[in-house]
A.B. asks: 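The structure's right below; bear with me while I get my questions together.
Residue numbers count from 1 along this sequence.
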Amino acid sequence: MATILYQGHGSLRLTTQAGTVVYVDPYMDPTGAKGTSTYGVPASLILVTHQHFDHTAIDLPPHAEGCHVWQNFDAHPDPDTYRTLEYLDVRAEATQAYNSCHPVDECVGYLVSVDGLVVYFSGDTSLTRQMQGDLCHRHIDYAFWPGDGVYNMDVPEAARCANLVGALHNTPVHLKPVVPYDEGRAREFARLAPNALLMQPGQQVTLGA
């Protein structure tokens, strides 16, 4: 079965049942620094939501032969285009992501389909028009939401977005600028959001289990 490992801050690693390894916004490991403790598995695919330094350590994981790096400017090359990538057994569809610190033309989230499941990596964002429209009807299984309240929406808004989109599992990430985790904010999210699934840095969950 597919798994997701939370590396801390906004960094995650998705591994499909077939063994395809997808890193999303590589930057931080559970030690709180740019390190290698959770980056030893070679990347098949790297997804980058935007070009802020804490999302773009694409050379941190080793690259498997044929590794494909797909960044925001590949997925969203112009204001009217959001592309979909099909690579090996992974389908990654770019979605809207934006707020006052993240221009709509420079940022994306990703709706990733693997092994019959849909996983939403919202990226650095606040409430978007797409959350209020299409995403409500996409039957998302797992969603990851930022909630630092500085560069992104705060936890109450993240919980409102989670309620709106209606994923089966909702996990808060990017809870404090450039630190692995914030326990207090995570617990607040769990109190406010439906179907909260809290993950500590370094923790891995099996999807669909």
A.B. asks: Does L12 share a hydrophobic cluster with Y181, counting links as ILVMFWY side-chain heavy atoms below 4.5 Å and allowing steps through other members?
C.D. replies: yes
A.B. asks: Enter the distance from R83:CZ to F73:CZ here, rounded to the nearest 0.5 Å.
C.D. replies: 11.5 Å
A.B. asks: Under the side-chain hydrogen bond (donor to acceptor under 3.5 Å, both in side chains) test, which residues partner S126, sequence neighbours left out?
C.D. replies: N99
A.B. asks: Side chains of H9 and D54: any donor to acceptor distance under 3.5 Å?
C.D. replies: yes
A.B. asks: Are V205 and L5 connected, step by step, through hydrophobic side chains (Ile, Leu, Val, Met, Phe, Trp, Tyr) whose heavy atoms are closer than 4.5 Å?
C.D. replies: no
A.B. asks: Check for me, please, whether L60 and I4 land in the same ILVMFWY cluster - side-chain distances under 4.5 Å, paths through other members count.
C.D. replies: no
A.B. asks: D148: what forms a side-chain hydrogen bond (donor to acceptor under 3.5 Å, both in side chains) with it, not counting sequence neighbours?
C.D. replies: N152, H174
A.B. asks: Check the side chains of T38 and D29 for a donor-acceptor pair under 3.5 angstrom, ignoring hydrogens and angles.
C.D. replies: no
A.B. asks: Between the side chains of D89 and T20, is a donor N or O closer than 3.5 angstrom to an acceptor N or O?
C.D. replies: yes
A.B. asks: If you round to the nearest 0.5 Å, how far is CD of Q132 from CG of L127?
C.D. replies: 4.0 Å
A.B. asks: Report the distance from atom OG1 of T95 to atom OH of Y82, rounding to the nearest 0.5 Å.
C.D. replies: 8.0 Å
A.B. asks: Can any side-chain N or O of H63 pair as donor or acceptor with the backbone N or O of E65 at less than 3.5 Å?
C.D. replies: no
A.B. asks: Can you name the residues that form a ring-ring contact (aromatic ring centres under 6.0 Å, His included) with H102, not counting sequence neighbours?
C.D. replies: H50, H52
A.B. asks: Show me the donor-acceptor pairs within less than 3.5 Å that the side chains of residues 105-123 make with the rest of the protein, sequence neighbours left out.
C.D. replies:
| unit_1 | atom_1 | unit_2 | atom_2 | d |
| --- | --- | --- | --- | --- |
| Y110 | OH | V48 | O | 2.8 |
| D115 | OD2 | Q17 | N | 2.8 |
| S122 | OG | F144 | O | 2.7 |

A.B. asks: Measure the spacing between CE of M153 and SG of C161 and express it to the nearest 0.5 Å.
C.D. replies: 4.0 Å
A.B. asks: Under a single-linkage definition using a 4.5 Å side-chain heavy-atom cutoff for Ile, Leu, Val, Met, Phe, Trp and Tyr, are V21 and V69 assigned to the same hydrophobic cluster?
C.D. replies: yes
A.B. asks: Below 3.5 Å, can you tabulate the donor-acceptor pairs from side chains in residues 196-204 to any protein atom, sequence neighbours excluded?
C.D. replies:
| unit_1 | atom_1 | unit_2 | atom_2 | d |
| --- | --- | --- | --- | --- |
| Q200 | NE2 | E183 | OE1 | 2.8 |
| Q203 | OE1 | Q200 | N | 2.9 |

A.B. asks: Rounded to the nearest 0.5 Å, what separation is found between the CG atom of L45 and the CG atom of L14?
C.D. replies: 9.0 Å
A.B. asks: Compute the ring centroids of Y27 and H55, then answer whether they are less than 6.0 Å apart.
C.D. replies: no
A.B. asks: In chain order, what residues pass the side-chain hydrogen bond (donor to acceptor under 3.5 Å, both in side chains) check against S100, with sequence neighbours excluded?
C.D. replies: none
